[in-house]
Amino acid sequence: MSKVWFVTGSSRGLGRAFVEAALSRGDKVAATARDTSRLADLVAAHGDAVLPLPLDVADRDAVHRAVQRAHRHFGRLDVLVNNAGYGLSGAVEELSEEQLRDQLDTNLFGPLRVVQAALPLLRAQGSGHIVQISSVAGVAAFPLGGGYCASKWALEGLSETLAQEVAGFGVKVTVVEPGSYATDAVASAVRAESDPHYDGLRAAFAAHAASLDVGDPAAAGRALLRLVDAERPPLRVFFGTQGQPMLQQVYADRLAGWAEWAELSVEAHGPAAPAA
């Protein structure tokens with residue numbers, strides 16, 4: 001049985017790859033984008049299997065209208081992919097409050113709006129799979145990415161809680177954590193006004209980013225098909241080869257740090273209450 005998808009941020013990058021993968025095997029997709037003209041070739045190639053919907057996930061009313069329209073058009077929603085988002089580059093000292101608010105509004109509150117609009121429908125049908133597109137930056141912080149990391153770390157916590165809340169309704173939740181892919185994500189990122197104190201760090205980080213072996217978006221699309229077809233999908237999964245080795249060290253360092261200061265943790269608790 002073919003699935004019905006609702007995908008945000010469908011016009012480019014990984015979102016586009018996810019839509020193309022679903023359509024290529026005969027699934028139906030409500031593909032949202034701020035500029036639906038960029039989806040015209042998909043409509044020409046796949047006809048009624050794709051429903052292009054204009055959407056800015058920062059507009060709560062528009063989100064609810066789009067979800068309802070997709071449900072009416074296809075009669076159900078099986079896979080919800082919260083992919084819309086963007087990067088914010090800048091040291092924490094460089095970020096403006098407005099830039100951080102805008103980042104959270106899209107990368108955190110956008111998925112929240114889509115989930116809240118769709119959940120009554122998924123709950124009523126007793127099934128569905130919510131896929132939250134996070135990032136390796138959602139589990140490990142990087143210099144000059146504090147705003148982006150904050151948005152993805154928050155999405156991770158929100159999604160883990162959501163998974164526990166909706167499991168009893170037959171709804172699954174998976175957080176996908178991609179590494180670097182051959183998309184225009186870096187070029188399209190918003191950049192804070194630079195402070196020369198961080199220029200050396202910027203140069204070093206740019207050199208590191210240029211050395212990475214970036215992934216193929218089409219391969220990510222095929223991987224997502226396997227994920228949504230799984231009877232018991234994971235809560236979290238990396239996409240790409242960068243996450244697994246890096247996070248093993250990150251988590252080892254965290255555990256070591258907590259263990260080193262365990263005595264202080266106990267001291268901070270205070271004396272044990274006397275036995276009754």
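We number each residue from 1, following the sequence as shown.
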Practice problem: Report the relative orientation of the aromatic rings in Phe142 and Phe205; use parallel for angles under 30°, tilted for 30 to 60°, perpendicular for over 60°. | Solution: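 The arrangement is tilted - the two ring planes meet at 30° to 60°.
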Hey, quick one: are [X] and [Y] part of the same hydrophobic cluster, counting side-chain heavy atoms closer than 4.5 Å, chains of contacts allowed?
X	Y	result
Val173	Leu77	yes
Phe6	Val131	no
Phe169	Val114	yes
Val79	Leu162	no
Val63	Leu119	yes

Self-check item: Within 6.0 Å of CG in Asp213, more than 12 heavy atoms from elsewhere
Solution: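 Atom CG in Asp213 is not packed in, count stays at 12 or less.
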[atom1] of [X] to [atom2] of [Y]: how many Å apart, nearest 0.5 Å?
X	Y	atom1	atom2	answer
Leu88	Ser96	CG	OG	8.0 Å
Arg76	Lys3	CZ	NZ	10.0 Å
Leu100	Tyr148	CG	OH	14.0 Å
Asp105	Glu98	CG	CD	11.0 Å
Phe109	Leu104	CZ	CG	6.5 Å
Gln248	Asp253	CD	CG	12.0 Å

Taking the side chain as every heavy atom from C-beta outward, state whether [X] and [Y] have any pair of such atoms under 4.5 Å apart.
X	Y	answer
Pro111	Leu155	yes
Ile133	Pro178	yes
Glu177	Ser135	no
Ser211	His208	yes
Leu158	Leu108	yes
Ile130	Thr174	no
Tyr86	Gln103	yes
Gln68	His73	no

Quiz item: Under the side-chain contact (heavy atoms from CB on, under 4.5 Å) criterion, do Leu225 and Phe18 qualify, and how do the steps go?
Solution: CA-CA 8 Å; Leu225 295 182; Phe18 297 152; over 6 Å; no
Self-check item: Residue pairs fulfilling side chain to side chain donor-acceptor pair (under 3.5 Å) with at least one residue in residues 28-47, sequence neighbours excluded
Solution: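 Of all non-adjacent pairs touching residues 28-47, those that pass side chain to side chain donor-acceptor pair (under 3.5 Å) are Arg16-Asp41, Asp35-Ser37.
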Quiz item: So, the side chain of Ser2 versus the backbone of Asp27: is there a donor-acceptor pair under 3.5 Å, distance only?
Solution: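 Judged by distance alone, no pair lies under 3.5 Å.
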Practice problem: Indicate yes or no for a side-chain donor-acceptor contact from Gln242 to the backbone of Ser180 under 3.5 Å, with no hydrogens or angles considered. | Solution: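 Indeed, once roles are kept as given, a pair shorter than 3.5 Å links the two residues.
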What I want to find out is whether [X] reaches [Y] closely enough, with some N-O distance under 4.0 Å, to be called a salt bridge.
X	Y	answer
Glu97	Arg101	yes
Glu156	Arg236	yes
Asp78	Lys172	no
Glu94	Arg202	yes

Quiz item: What pairs meet the salt bridge (charged side-chain N to carboxylate O under 4.0 Å, His left out) rule with one or both residues in residues 131-149, with sequence neighbours excluded?
Solution: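 Not a single pair qualifies under salt bridge (charged side-chain N to carboxylate O under 4.0 Å, His left out).
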Minimum heavy-atom separation for [X] and [Y], please, with both atom names.
X	Y	value
Gly90	Leu95	O-CD2, 4.0 Å
Ala140	Met246	CB-CE, 4.4 Å
Leu121	Val67	CD1-CG1, 3.8 Å
Val29	Ala22	CG2-CB, 3.7 Å
Ala30	Phe74	N-CE1, 3.8 Å
Phe239	Ala223	CZ-CB, 3.8 Å

Quiz item: Step by step, would you call Leu227 with Val176 a side-chain contact (heavy atoms from CB on, under 4.5 Å)?
Solution: CA-CA 10 Å; Leu227 184 69; Val176 173; 3.7 Å; yes
Practice problem: Show your reasoning for whether side-chain contact (heavy atoms from CB on, under 4.5 Å) applies to Glu165 and Val171. | Solution: CA-CA 9 Å; Glu165 294 169 347; Val171 178; over 6 Å; no
Quiz item: Going through the distances and angles, do Trp5 and Val81 end up as a side-chain contact (heavy atoms from CB on, under 4.5 Å)?
Solution: CA-CA 7 Å; Trp5 300 55; Val81 183; 3.8 Å; yes
I'd like a table of donor-acceptor pairs (distance under 3.5 Å, sequence neighbours excluded) in which one partner is a side-chain atom from residues 47-59, with atom names and distances.
| unit_1 | atom_1 | unit_2 | atom_2 | d |
| --- | --- | --- | --- | --- |
| Asp56 | OD1 | Ala58 | N | 3.0 |
| Asp59 | OD1 | Asp61 | N | 3.2 |
| Asp59 | OD1 | Ala62 | N | 3.1 |

